[in-house]
Amino acid sequence: MSYWLFKTEPDVYSIDDLKKEKMRITSWEGVRNYQARNFMRDDMKRGDLGFFYHSNCSQPGIVGVVEVVKNGYPDHTSWNSKSKYFDPKSTQENPRWFMVDVKYLRVFEKTITLAELKGNPKIKDFALVKKGSRLSVMPVPSEVWELILKMG
DNA sequence: GCCAACGTTGGC
DNA sequence: GCCAACGTTGGC
């Protein structure tokens, strides 16, 4: 089993929004980056765990934990011309974009902030804390996962 | 709101 | 296939 990190802007979709969903599950739609797409399509498996990360906000950081409850499948919003995620080059026969379903597990009492993560020398090679990292879905090495949990 | 870093697009 | 231009991300 693997560990992941899911980035989202809380103004758009926060961990509270996820908690309010029916069954506390949502599809992780709208990812339009090939590297992130490949992770979801090829590598993410049911039962994997993920950090839930709030970006582009007053206090960016990891706010909780989710579980992958459905393996990668075509992101149908790419076929919907009314959707802001519409991509005319994605077809039902040859879907370009994929998503997984994630389920709320828990929210941390206190956010593990990006500043704290950057201040931990043991995880300095983790993609999230590297300069210019823009991946919205990324793998978390298991040792990094454990180290970050201890920071909470 | 600024802007550096990055990914994508498209002309050639 | 190169690379300039452009759009987006996301911390600050």
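The basis for the numbers below is simple: all heavy atoms, side chains too, and nothing from hydrogens, waters or symmetry mates. Residue numbering restarts at 1 for every chain, and letters A, B, ... go by the order of the sequence lines.
- Distance NZ (A:Lys130) to C1' (C:dG11): 18 Å, rounded to an integer number of Å.
- One can place CZ of A:Arg32 at 15 Å from C1' of B:dG7, the figure rounded to the nearest angstrom.
- Separating the CG atom of A:Leu117 from the C1' atom of C:dC12 is a distance of 16 Å, rounded to the nearest angstrom.
- Put simply, CH2 on A:Trp97 is 10 Å from C1' on B:dT8, counting in whole angstrom units.
- By the 30° and 60° cut-offs, the orientation of the rings of A:Phe52 relative to A:Tyr13 is tilted.
- Nucleotide C:dT8 holds its P atom 14 Å from the CG atom of A:Asp87, rounded to whole Å.
- In this structure, CZ of A:Arg134 is placed 14 Å from P of B:dA4, rounded to the nearest angstrom.
- The residue among A:Lys131 and A:Tyr34 whose nearest nucleotide of DNA chain B is located toward the 5' end is A:Lys131.
- A:Asn33 has its CG atom 10 Å from the P atom of C:dT9, to the nearest Å.
- A side-chain donor from one of A:Asp17 and A:Ser14 sits under 3.5 Å from a side-chain acceptor of the other.
- Distance CG (A:Leu135) to P (B:dA5): 17 Å, rounded to an integer number of Å.
- Both the sub-6.0 Å distance and the 45° axial angle are satisfied by A:Lys70 relative to the ring of A:Tyr73.
- With the nearest nucleotide of DNA chain B identified for both A:Gln35 and A:Asn56, A:Asn56 has the one nearer the 5' end.
- Side-chain contact between A:Val31 and A:Met99 is absent, with no heavy atoms from C-beta onward closer than 4.5 Å.
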